[in-house]
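Note sheet for the following structure.
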Amino acid sequence: MAEEHKPVSYRSYFVIWLALSALSGLNVWIAGLAGGSLTAWIILAVASLQAGLVLSVFMHLNQETKMFRLGILALLIIVAVSIGLTFVDVLYR
Amino acid sequence: MDQYANPTAQAVDNVLIYIFGFSLLLLLGITVVTIIFVVKYRRSKYPEPTSDNDGNIWLETIWTVLPVMIVMTMFWYGWTNYVGLREVPAGALEIKATARMWSWQFEYPDGRKTSKLYVPVNTPIKVSLHSVDVLHNFFVPAFRIKRDTVPGMENYVWFQAPEEGSYDIFCAEYCGVGHADMITTVEAMSQEAYADWSKPLEPSGDPRGLIVLNEQGCTGCHSLDGSDNIGPSLFELAGQTRKLIRDGQPVEVAIDENYLKIAIREPELEVVAGYDPIMPPYDEGTISAEDLQAVVDYLLGKVVAATTAPDADQLLEENGCLGCHSSDGSEGIAPTFKGIGQRDVTIERDGKELTIKVDAEYLRRALLEPEADMVKGYAPMMPAADYLSPEQIDVIIEHLLKQ
Amino acid sequence: MSIEHRDDTGARFGMWLFLYTEVILFSGLFVLFAMTQARFPEHFAAASAGLNTTIGTLNTFVLLTSSLTLSLSVTALQLNKIRQSLLFCSGTVLLAVIFLVNKYFEWSTEISHGIYPGSDHLAESAPGTAAFFNLYFFTTGLHGLHIFIGIVLILTVTGMIIRGKVSAECPVLLVNSTLYWHLVDLIWIFVFPLFYLIPRGFHG
Amino acid sequence: MTETTLNYSGFYTEGPRKGILGWLLTTDHKRIGILYLGCIVVMFLIAMVLGLAIRLELIAPGKTIMGPQAYNATFTVHGIIMIFLFIIPSIVAAFGNFLLPIHIGARDVSFPKLNLLSWYCYVAGGLLAIASIFTGGGAPDTGWTFYVPFSTQTTTNVNLAVLGAFILGFSSILTGINFVTTIHRLRAKGMTWGRLPMFVWTLYATAWIQILATPMLGITLVLVFLERIFGAGLFDAARGGDPILYQHLFWIYSHPAVYIMILPGMGVVSEIIPTFARKPLFGYWAMAISSLAIAFAGSLVWAHHMYASGMSDLAVLVFSFLTFIVAIPSAIKVFNWISTLYKGSIELAPPMLFALAFIFQFAIGGLGGLALGAAASDVHLHDTSFVVGHFHYTMFGGAGFAFFAALHFWLPKFTGRMYRHKPAVIAWGLMFVGFNVLYMSMQAVGIQGMPRRYYDYLPEFQALNLVATVGSWILAAGILLMFYNLWQGIRRGRPVGNNPWGGATLEWQIPSPPPLENFGAEDPVVTKGPYDYKGVVADEY
């Protein structure tokens, strides 16, 4: 079946794992700089990058069809909206 | 009543009339068209449809764009009038409302407390809203104002009573078994009557030191009850020590007459650690030597306030007890106070029923640990009255036993 | 007669939909975290400094590695290397247990200091501190519960591989368990910086 | 054709197991749909009795039939059962399960076993919720919203009710996952997205809300539960919590949830109107897209329940704006339904009457919602009887009447028998009159300023409350007559053929009741749209 996934090589998994570990190390290091909201955003960006790697390679999203990706998009929008709109209340009370 | 006498109601009614008017028109249109279609194109007359039209891009665009424009005007009109409900006019009289299950307490700038809200007419009133337990809601239909009281948070509403009279205040946020009984009133009086009402009834029996502290605004920054504020609290200073910054060095000193006098006359010399050096100095011209002595004596506890015994009736009223317990024998959500000193009650203690004579010990338990002995047939809903002082409790018990 | 027809893509799609619900579940806690962090940045900084970053970082690596081993086991199964696949599965379970053991030590230290939801110590602390630790315990607790469910799931699938019910021809159960496990990892990728790293940046 | 005796019973007798186990262990979507339907109707009747008790208590000020504690428990349980056990699952789980696979030409849903599991979750959650009435510290008295701090302080049995609602959430999520996957994966050959019946589109939009919103309720309820058990203080202001955040989390689910309730109802009406006008649905794509738009925009407006909560004024501005956006797709739907009638051939059969009542009542509910969405007018109307009247107009006058319309439309398909029409029309008339008398009075007394959830009220509110209570009796009489008539129809109604109404969707092309795998040996191939009535002839009955 064309919809079945091709096996991913051990090698590419290892590379991703190395990258993920390095990025986690990077985050711990950045946190030591203690720079308020700037470091917070950098750390979140790095974490999102890690999440992207896990999603696309470990979770095979790069091999799935468009409908899988649209679903993720809907999910991210809902999460972002819930947090964002709640901030509109909490930060401006 | 002129148009601007009740500004909050006016703001809300504008929007209500606008939206309900449009809605009625739309509903009428929809209904009439539907009925015409249903009658005209009935199957007995047209066994087959006379059109198989399944869309019309122009029609659909029009009835998308038109409602968008209509509802946007509703949104904007609703918002601009809402802003009017939130912007308190300058010079509004500020009254603090505290909600608890299931009563209201209103505290006026001069410290007096009532369970009804007394206001002068044609004066903007700002009510700051507080809750000591759960969510409640301050709702006055006549002024179209409504706002939750949230524990740990201050909300506010404002209004202006157009004419003398009594206006209902409801609790509109569900708060338990007494929710529907959490009703009181705004009592609007003429300006003159209000001025008369708010006149102090008798000269204050407070010691001179306390009067000075209040007059000079010291209590704006320094609390008298130990709570923290912009400045350190002045609660029970005798015998305490303070960590100070003197010439940039930390030192610890005992609080005595000398220290207090310097702290008032030249506060910038020594600042209590952790506070900003913002207190202004008070010289001879502001606080005379005698007054300074009076303040210091008061702070060190050398003069005691002439205590006037609290009035039991007033305590029961102010603390909302009468919201649930009637004083005239009528049935409420809680047992009546009438004749409480002479009766036996059947209570449930540790799951067992027993009947006991009402005495001081029982009443004390009922006030402080209401869940321990519940009177049979009533829900365990009473909040513990542990916010009252022991002295106030004694007065209440004595009063109840006499009923 | 049978209406059971195989639709692996459908099964994976359904699994993804389920994972969405997991993300929303945690995002409820993230909403609370974000709002409380915004209200009490300094209390959060102080409270976060009390967490053990070393164990936190170690656990991050443990979880990343377990994700790797489980992925490897899928490839092994697809290539019909059953023994390797089983080995990787067991490795994953081992790493997951290590994660929980670390978590156990971390929690018990905190609890021994009187820090746990509803403790007297927290009731007396600053409001932001209490809120931080309450959120910390609920979030890591919920995550730990997911790790535990993951362990049970992987052990079940391992058993099915042994019995040949999950195989190179029919790998979808292993694939779906892997998806679940990666999601648990993914949530940790955010939980770790949120609680251990980010609040510290807001000192004064 | 009319003289068929009912010797054929379709999926009721076919299947791997016979007897009660054949039902309790079934994975057939039709049997699961019937299981849901039975439970849902029972739940509705229980909650209806509670609703009548509430109305009776309010017939006059002061105590009439129960004390305040009992009253609070009654409206709480009425709300919990009606919301979580009746409306949310009603059309989706009963009619959706039965019809969705048939509508798209599939033999079952994607995950039949999960489907059965979701029914068991429903039963378990329902039992827990009902058990909470009789155990512990007495029936929950928080209102169905479980607002903190009251819900964390009350001594009544909130724990079980919350746990029940949590498990019901699972049931809803599993159904959602099943439906989205089924619609994506199992459409028959030729069943393109543009040929999906509108009912399927609305179920699709609904299923996404179920998936993306329900877990938020789950975590919120878990936090309330933990707060009660451990005293965690996550919503306690003294410990860094924020009671208003609870309301945010609660409504992030519960506002989209009202679209879980109403969207499938809109789908049902979108099936019935074209069938009884014998005309294609007007503006197919506008209808489909507006369903998705409602689902999406509906997820952005939750805080319009909180204008008076102490939320920031900026949030009031933003949420008021977004709220009015949601009004648009709903308005489009109403206009399109009415345009479908234009130049049609309209038959006022019972399902059509219920659908028309739906449009009227939903319009009143929606228009009343405008006054609640605007910031200033909401300040006066919020938490009054007006709100109660308003949401009953949308939830009961809308979703509830759509459920009754669906019963009258599809029960002949489900059972192969037709109910009597005359009593059905009388029942409809009683319900229509009773409903509007009841809830219009409620709205009016709310505008006067009567707060909701009031056990007792001031004398000035009495007249309208009395009228409302009388309305509730008329409504209840209509409902009882309707159920009696339907029950008689199921038991010994006249047999019907495949297509009593002349519908064009796939379910009308297979026998009534449908056979085990819906379409026999051959998978169906779809060659025309769902509202193409050319050449469709209704079977007489």
Side-chain angles (χ1 to χ4, degrees), chain C residues 1-40 43-44 47 116-120 122-139 141-142 145 176, chain D residues 16 27-29 101 106-108 110-114 169-170 173-174 176-182 184-186 207-208 210-223 226-227 229-242 244-246 248-249 252-253 516-518 521:
Chain C
M1 170 73 196
S2 166
I3 39 176
E4 295 277 332
H5 79 291
R6 254 186 70 189
D7 177 16
D8 285 359
T9 307
R12 283 202 311 276
F13 190 59
M15 189 66 197
W16 273 96
L17 292 175
F18 174 70
L19 297 185
Y20 296 169
T21 69
E22 294 279 14
V23 172
I24 301 279
L25 190 73
F26 276 93
S27 72
L29 289 168
F30 290 160
V31 169
L32 283 180
F33 181 90
M35 301 311 138
T36 328
Q37 157 85 56
R39 287 172 64 213
F40 306 103
H43 296 167
F44 264 45
Y116 53 90
S119 74
D120 295 337
L122 280 189
E124 289 156 11
S125 333
T129 311
F132 178 87
F133 281 109
N134 284 329
L135 278 168
Y136 163 80
F137 275 101
F138 287 135
T139 313
L142 186 64
L145 181 70
N176 276 352
Chain D
T27 55
D28 180 15
H29 67 98
R107 287 162 188 273
D108 207 324
S110 273
F111 311 111
K113 285 174 197 146
L114 274 189
F170 257 104
I173 288 174
L174 291 178
I177 291 177
N178 232 329
F179 283 6
V180 170
T181 316
T182 307
H184 270 283
R185 299 295 304 169
L186 298 184
W208 272 109
Q210 287 178 303
I211 293 169
L212 293 181
T214 316
M216 200 56 103
L217 177 75
I219 190 71
T220 312
L221 294 182
V222 166
L223 290 177
L226 292 174
E227 181 112 12
I229 305 284
F230 295 112
L234 277 174
F235 300 120
D236 177 356
R239 280 173 284 176
D242 180 354
I244 294 181
L245 270 185
Y246 168 85
H248 276 295
L249 291 185
I252 286 178
Y253 163 74
L516 182 60
E517 288 187 18
N518 303 343

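Below, read A as the first sequence line, B as the second, and so on, with proteins coming before strands; counting in each chain starts at 1.
Contacts of D:Leu223 with chain C are made by side-chain atoms alone, with heavy-atom separations under 4.5 Å and no backbone atom involved. Of the two parts of C:Leu142, only the side chain, counted from C-beta on, holds a non-hydrogen atom closer than 4.5 Å to a non-hydrogen atom of chain D. At a 4.5 Å heavy-atom cutoff, the contact between D:Leu249 and chain C is made by side-chain atoms alone. Looking at D:Ile211, both its backbone and its side chain come within 4.5 Å of chain C, counting heavy atoms on both sides. Residue contact with chain D, scored on non-hydrogen atoms closer than 4.5 Å, involves the side chain of C:Tyr20 exclusively. In this structure, chain C has no heavy atom under 4.5 Å from any part of D:Tyr253.
When the ring pair (Phe, Tyr, Trp, His ring centres under 6.0 Å) test is applied to C:Phe138, no partner is found at least two apart in sequence or on another chain.
Annotation for C:Ala47 and C:Thr129: closest pair CB-CG2, 4.0 Å, computed over non-hydrogen atoms.
Contact count against chain D (heavy-atom pairs under 4.5 Å) is highest for C:Gly10 among C:Ala11, C:Gly10, C:Ser125. Ranked by non-hydrogen atom pairs under 4.5 Å with chain C, the options D:Ile173, D:Asp236, D:Leu226, D:Thr220 are led by D:Leu226.
Between the side chain of D:Asn518 and the main chain of D:Ala106, a donor-acceptor pair closer than 3.5 Å is present.
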Quick one: side chains of residues 23-38 of chain C, donor-acceptor pairs under 3.5 Å with protein atoms, not counting sequence neighbours, listed by atom name and distance.
| unit_1 | atom_1 | unit_2 | atom_2 | d |
| --- | --- | --- | --- | --- |
| C:Ser27 | OG | C:Ile24 | O | 2.8 |
| C:Thr36 | OG1 | C:Leu32 | O | 2.4 |

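Using modelled atom types, one finds no donor on one side chain facing an acceptor on the other under 3.5 Å when comparing D:His248 with D:Asp242.
Relative orientation of the C:Phe132 and C:Tyr136 rings is parallel, given thresholds of 30° and 60° on the angle between their planes.
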